[in-house]
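Both backbone and side-chain heavy atoms feed into the values below; hydrogens, waters and symmetry mates do not. Counting starts at 1 for both ligands and their atoms, following the listed order. The chain is numbered in sequence order, starting from 1.
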Amino acid sequence: MSYPFELKPLNYAYDALEPFIDKETMELHHSKHLQTYITNLNNALEPHTEFHNWSAEQLVSNLELLPNEIRTIVQNNGGGVYNHNLFFDILIRNTHPPKSGPFFNAILAEFGSVENLKAELKAAGLAVFGSGWAWLVADKSGKLNIVKTPNQDVPELDEFTPIINLDVWEHAYYLKNQNRRPEYIDNFLNVINWQEAERNYAKI
Ligand code: MN3
């Protein structure tokens, strides 16, 4: 997808993640927050036709190539588009972690177990000060790693392939969990689309 960016429908209904993530949060998060990033990104790119065939990933991983006047806007809003499209695809109800295969083996090698991976992802999400993201990423060799980014920044995409990303902006949970980020993250960990994570891992 490139300019003009559009709101991609979710692969599931807004209430599909209940009771872990509530319908109102999902609807606001997708139809309002993501839409705002899309609108802001399109507005910034509109006069810059030379970037109209660039994907969100190309834009956010080549910020230094953008004109000064739109660089920060694209960093924030292009990141918002890229990060949320990954995030909404990494959620699903009735999901099971892998029990075999390359992705499972990489989890065992790095974390010892799926439970330990979840615990480390949770710790990273809790350690983000203010708004940002916690990520499970893989390097070119397939080795898994957990990283954090502030705001809507993305990991080094030349180096890492995103596998799972966890939105810890308050807009992702405040309606249901108020200030209880640990409770929100526990709920998130119950609705990870492990099959999608496995597909992301296969892209390395
Ligand atoms: Mn968000």
* Structure fact -> Looking at H171, the N, O or S atom sitting nearest the Mn ion (ligand 1) is NE2
* Asked: Taking just the N, O or S atoms of D167, which one is nearest to the Mn ion (ligand 1)?
  -> OD2
* **Backbone or side-chain N/O/S of H29 under 2.8 Å of the Mn ion (ligand 1)** => yes
* Asked: Taking 4.0 angstrom as the limit, do K23 and E18 come out as a salt bridge?
  -> no
* Asked: Can you find a side-chain donor-acceptor pair between D89 and N193 that sits under 3.5 Å?
  -> no
* Taking the side chain as C-beta and beyond, is there a heavy-atom pair between H84 and Q152 under 4.5 Å? -> yes
* side chain to side chain contact (heavy atoms under 4.5 Å, CB included) between N42 and T39, worked out -> CA-CA 5 Å; N42 284 337; T39 302; 5.9 Å; no
